[in-house]
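Step one of this worksheet: look at the structure below.
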Amino acid sequence: MIQLIRGVKDILPGEIGLWQKIEKTAISLFESFGFCEIRLPIIEHTELFARSIGQDTDIVEKEMYTFLNKKDEMITLRPEATASIVRAYIQHRLYAIDPVQKFYTIGPMFRRERPQKGRYRQFYQINAEVLGVDSPLTDAQLIFMLVELLKRLSVPDVCVYLNSLGCPVCRPGFKKSLQKFMSNTTAMLCSDCERRKEKNPLRVLDCKVLACREAMKDAPSIIEHLCNECEEHFEAVKNSLNDLNIQFEIDKRLVRGLDYYTRTTFEVHTGSLGAQSAVAGGGRYDRLIESLGGPSQPAIGFAIGFDRLAEIISSDNAGVSCKPDLFIAALGEQARTNALKWSCALSLSGIKTETDFSDKGLKGQMKKADRLAAGHVLIIGDNELSEGSAILRNMMTKEQVSVPIDGIVEKLKSIFV
Ligand code: ATP
Ligand code: MG
């Protein structure tokens, strides 16, 4: 038997109602904030991710699924969506229409991580990105929208963590002081961090290894190194969040696992997820568009972990319905021919109609209608055909009424729509 690849999963019909509910809630909320959908390919040139996410990050160093295609080009299954959004913005000159573009996208991402609960090798994200705006009010608005989505989905124990990563003016000073801190500590770092501490010391703050976390507990804070402009920006984000009644905590270690972030960064955690408690993360990437060859435009966005969101709210929301409104139990060839016509017509008008064209008897078909939790069953056999009326049974109340075959589709529509 051929089974699933490690770290990926099927989303079965029993769970799909929940996934669709999350999707619909996000889409309707995002669109009311002026975001438009963009759909992007799953494969891109490896260089796009190497250049944007950064060479020394876990994602680029260890987690990408990369292959050579026939032309000897390096291709990668996307580990995240922001880079592709920026590529599309540049490639299609969307900034020429209006530098301000607001996108959302939903789809699978791929990272070769150690599979565990809440961590998969193919997982899904919901992204929202605002390109072309540097106002801190946008940062607050975006975080507000994210929190509102979690509220609408009844996610419990939501906590927003906030930090600023500064900019090319103030970050070098912070890096130096971080390096100084590390050279003075005797604590052991993991081999990755030992290697990265010279080239990319911020990565050490993001390391998941317990010993590294312990070693960096008292590391200097970037907030103390922010230049005036970054500090003002950060203050304005905090004030605007307060104005919008969004609670948050400052987390000075929050540097995120991608190199492109500048200024505002944030993560949203929930108490109900256990070890993998981050349900969403995001931040500003004011330099990314330019560094990928586009115009100098700032941007900010977030990615929500769809799988984790589904896990949090699965227990009470499962099984949104594929339940038929009507099951047509047809007995005999002529009745089945009618059932085919009627069910097609009813389905077209949006009534969930189910049939069984196998040779089952009435008992077998009623059993099936029960299993599908159909609301009503329409019974039609030779007797009913000759009498010119079918029997409509309400499966809840067990009440039965007779419905004339002549004009039956219209009659049923008037009952169910
Ligand atoms: P983490 O700290 O949990 O590794 P991350 O910082 O790598 O997360 P991002 O790249 O910011 O995650 O992605 C945003 C969200 O996507 C995360 O908050 C998480 O909910 C989800 N996510 C990231 N990696 C995975 C994965 N391998 N499986 C499932 N969900 C994931
Ligand atoms: Mg990660």
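Start at 1 and go down the list; that is how both ligands and their atoms are numbered.
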Legend entry - Shortest heavy-atom approach to atom 31 (C) of ligand 1 - which of Tyr261, Phe123, Phe110: Phe123
Inset, instruction - Using a cut-off of 6.0 Å, state whether more than 12 heavy atoms not belonging to Gln247 lie near its atom CD. - result: no
Inset, instruction - Tell me which protein heavy atom sits closest to atom 11 (O) of ligand 1, plus the residue, atom name and distance to 0.1 Å. - result: Arg256 NH2, 2.5 Å
Legend entry - Row check, Tyr65 ring normal vs Arg112 NZ/CZ: under 6.0 Å, within 45°: yes
Inset, instruction - Working to the nearest 0.5 Å, report the span between CG of Leu162 and CZ of Phe248. - result: 6.0 Å
Legend entry - Protein residue, atom and distance nearest to atom 29 (C) of ligand 1, heavy-atom basis: Gly118 O, 3.2 Å
Inset, instruction - Decide whether an N or O pair under 3.5 Å exists between Glu267 and ligand 1. - result: no
Inset, instruction - State the atoms of ligand 1, each with its element, that fall below the 4.0 Å cut-off from a heavy-atom position in Ala303. - result: 14 (C), 15 (C)
Legend entry - Min N/O separation Gln125 to ligand 1 under 3.5 Å: yes
Inset, instruction - Mark yes when over 12 heavy atoms from residues, nucleotides or ligands other than Lys176 sit less than 6.0 Å from its NZ; otherwise mark no. - result: no
Legend entry - atom 17 (C) of ligand 1 - nearest protein heavy atom and its distance: Ala278 O, 4.0 Å
Inset, instruction - Please report which non-hydrogen protein atom sits nearest to atom 12 (O) of ligand 1, along with the residue it belongs to and the distance in Å to one decimal place. - result: Arg111 NH1, 3.8 Å
Inset, instruction - Grab the two heavy atoms, one from Arg78 and one from Pro108, that are nearest each other, plus how far apart they are. - result: NE-O, 2.8 Å
Legend entry - Distance in Å, Leu178 CG paired with Ser183 OG, rounded so as to fall on 0.5 Å steps: 10.0 Å
Legend entry - Where ligand 1 meets Glu113 - atom numbers and elements under 4.0 angstrom, heavy-atom basis: 24 (N), 25 (C), 26 (C), 27 (N)
Inset, instruction - State whether any protein heavy atom lies less than 4.0 Å from atom 20 (O) of ligand 1. - result: yes
Legend entry - Residue portion contacting ligand 1 (non-hydrogen atoms closer than 4.0 Å) for Val279: backbone
Legend entry - Heavy atom of the protein closest to atom 28 (N) of ligand 1 (residue, atom name, distance): Tyr120 N, 2.9 Å
Inset, instruction - To the nearest 0.5 Å, tell me how far Ile85 CD1 sits from Tyr104 OH. - result: 11.5 Å
Legend entry - Check: His45 and Ile75 side chains under 4.5 Å, non-hydrogen atoms: yes
Inset, instruction - Test Asp58 against every option in Lys208, Arg256, Arg196, Arg114 by the salt bridge (Lys or Arg N to Asp or Glu O under 4.0 Å) rule and name the one that passes. - result: Arg196
Legend entry - Residue part near ligand 1, for Arg308, under 4.0 Å between non-hydrogen atoms: side chain
Inset, instruction - Could you see which bit of Lys208 sits under 4.0 Å from ligand 1, with heavy atoms only: side chain, backbone, both or neither? - result: side chain
Legend entry - Contacting atoms of ligand 1, where contact means under 4.0 angstrom from a heavy atom of Ala280: 18 (O)
Legend entry - Close side-chain approach of Arg121 and Ile5, heavy atoms under 4.5 Å: no
Inset, instruction - Could you tell me the residue and atom name of the protein heavy atom closest to atom 4 (O) of ligand 1, and the distance to it rounded to 0.1 Å? - result: Arg119 NH1, 2.9 Å
